[in-house]
2 protein chains.
Amino acid sequence: MNSVTIPKATVARLPLYLHALEILAAEGTCTVSSEMLARRVNVNAAKVRKDLSFLGTHGVRGVGYDSSELGTRIREALGLTRDFGVVIVGIGNLGAALANYDGFGEQRFHIVGLYDADPGTIGSKVGDLVVRDVRHMPADIAENNVEIGIIATPAAVAQEVATQLEQCGVRSILNFAQTVLQVEQADVRRVDLSTELQILGYYLRHDQS
Amino acid sequence: MNSVTIPKATVARLPLYLHALEILAAEGTCTVSSEMLARRVNVNAAKVRKDLSFLGTHGVRGVGYDSSELGTRIREALGLTRDFGVVIVGIGNLGAALANYDGFGEQRFHIVGLYDADPGTIGSKVGDLVVRDVRHMPADIAENNVEIGIIATPAAVAQEVATQLEQCGVRSILNFAQTVLQVEQADVRRVDLSTELQILGYYLRHDQS
DNA sequence: TAGTGTGAAATCTTTCACAGCA
DNA sequence: TGCTGTGAAAGATTTCACACTA
């Protein structure tokens with residue numbers, strides 16, 4: 001939809017550059033070099049420059065990048081120029097923790113609905129929101145123009161929830177359940193603690209990365 | 001340390017295959033084809049076969065893989081043949097949720113310590129464990145042979161905790177804080193909600209995957 | 001001088017396509 | 001017949017190295 005297509009690997013790093021820039025900005029840094037960003041994001045400087053080149057960014061040779069302008073460019077590239085409605089389904093320990101997550105700062109992601117199927121959880125308050133019956137979800141999503149769904153349910157029901165989210169028109173899903181979701185066309189990202197631990201476990205024996 | 005070196009991309013998928021096999025085993029399936037696994041893990045069958053070939057696995061042509069044997073091979077490759085001690089530092093909402101995580105099933109990862117710096121949190125009980133003062137951490141780690149540290153602290157102190165973990169000999173870190181950690185040689189994996197949402201946000205506008 | 005922007009090389013990953021075997 | 005195992009091709013990503021310029 002936008003000019004040049006940015007490689008997946010680059011897209012995955014843009015949020016890290018952005019975060020680093022926000023910290024630098026808070027520290028009052030106006031100009032930043034690829035080398036500086038690279039150190040903060042743990043990659044090499046050539047990669048930073050190549051990544052930024054996809055944004056059509058103009059740094060200044062011999063000087064570096066204007067950090068506030070670069071921040072703006074990255075936000076534009078990521079589409080962080082408008083707000084996104086987010087719902088969380090499954091308000092157990094993890095779902096509640098995610099609902100309370102405060103790392104959004106000045107981000108554009110707004111949690112607008114919390115859902116659960118357990119009568120004991122429905123009606124309880126988490127942060128500013130009251131947990132609603134998951135049966136209200138479809139109507140709420142339509143009404144609030146929700147675009148992103150976070151699944152934090154038990155694995156057994158995650159697929160069902162994903163299907164339902166997709167039927168409601170949600171095209172982006174962040175899945176914390178221990179399942180690989182089958183979806184029609186939604187974009188799914190999966191986060192799973194035991195997978196991560198197993199990967200770490202491997203490199204504990206086979207050290208290099 | 002083990003025979004052949006397995007590509008990173010493959011290592012990252014092995015836990016998914018393993019999980020799929022465990023489900024299949026629970027359903028009573030004895031023989032599994034690359035095609036079957038592929039469907040469950042959302043990848044293509046050639047990739048499954050290539051991945052499994054790094055384990056030196058012998059499937060049976062025309063038939064498939066013996067699912068229990070394949071499970072054993074993957075567990076061996078991942079080093080899941082012994083137990084791992086894990087500590088969690090930062091027992092806020094997220095840390096507590098992780099401590100209560102039950103997805104380990106018959107896994108080999110055991111949470112053996114919970115730490116926090118807040119006097120109000122220290123002493124409280126989460127699951128079976130009592131949250132201890134982070135000052136006890138170094139001694140506890142040495143005593144319990146802890147190999148993996150999970151950081152769920154505020155971003156501001158995450159680096160300090162990481163440095164400390166490394167000094168205690170912990171070589172694997174799972175970082176849930178919104179920071180890129182600088183470490184000497186530890187292996188770090190990072191999980192961050194706002195990064196994931198930003199990536200999803202990008203693909204919401206630039207649909208393809 | 002110090003740091004960007006980028007072709008071209010090196011490396012890693014995925015996919016194809018098919019020989020080979022139970 | 002049906003599915004594995006794998007070379008070889010295609011594609012993606014990373015890194016190098018250097019021309020260029022404020």
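Only a predicted model underlies this, so the values are computations on that prediction, with no experimental measurement involved. We name chains A, B, ... by the order of the sequence lines, and we start the count at 1 in each one.
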Just to be sure I understand the rule, does B:Thr31 reach a base, reach only the sugar-phosphate, or reach nothing, if contact means heavy atoms closer than 4.0 Å? nothing
Nearest to the B:Pro7 side chain among C:dG5, C:dT13, D:dG5, which nucleotide is it? C:dT13
Using side-chain heavy atoms (C-beta onward) and a distance below 4.5 Å, is B:Tyr17 in contact with B:Glu22? no
Just N and O in the side chain of B:Tyr65: are any of them under 4.0 Å from OP1 or OP2 of D:dG2? no
Say whether B:Glu76 and B:Thr72, considering side chains only, have a donor N or O and an acceptor N or O under 3.5 Å apart. no
Do you see a donor-acceptor pair shorter than 3.5 Å between the side chains of B:Tyr115 and B:Asp140? yes
Consider only side-chain N and O atoms of A:Asp51 and A:Thr10, and report whether a donor and an acceptor are under 3.5 Å apart. yes
Do nucleotides 17-22 of chain D as a string where each nucleotide becomes B, S or -: B if the base has a protein heavy atom under 4.0 Å, S if just the sugar-phosphate does, - if no protein is that close. B-BBBB
Enumerate the residue pairs fulfilling ring pair (Phe, Tyr, Trp, His ring centres under 6.0 Å) with a member in residues 49-93 of chain A, sequence neighbours excluded, ordered by first and then second residue. A:Phe84-A:Phe109
salt_bridge(A:Arg82, A:Glu147) N-O dist < 4.0 Å: yes
For A:Arg13 and for B:Gly64, locate the closest nucleotide of DNA chain D by heavy-atom distance; then report the residue assigned to the nucleotide nearer the 5' terminus. B:Gly64
Please tell me which of A:Ser34 and B:Thr10 maps to the more 5' nucleotide of DNA chain C, matching each residue to the nucleotide holding its nearest heavy atom. A:Ser34
Would you call A:Arg40-A:Glu27 a salt bridge at under 4.0 Å N-O? yes
Please enumerate all protein N or O atoms sitting under 3.5 Å from an N or O of nucleotides 8-10 of chain C, with distances to 0.1 Å.
from, atom 1, to, atom 2, distance (Å)
C:dA8, N6, A:Lys50, NZ, 3.3

Out of D:dG5, D:dT14, C:dT14, whichever nucleotide has its closest atom nearest the side chain of B:Ala9: C:dT14
Report the distance from atom CZ of A:Phe54 to atom C1' of C:dG5, rounded to the nearest whole Å. 12 Å
Is any NZ, NE, NH1 or NH2 atom of the basic residue among B:Arg190 and B:Asp192 found under 4.0 Å from an Asp or Glu carboxylate oxygen of the other? yes
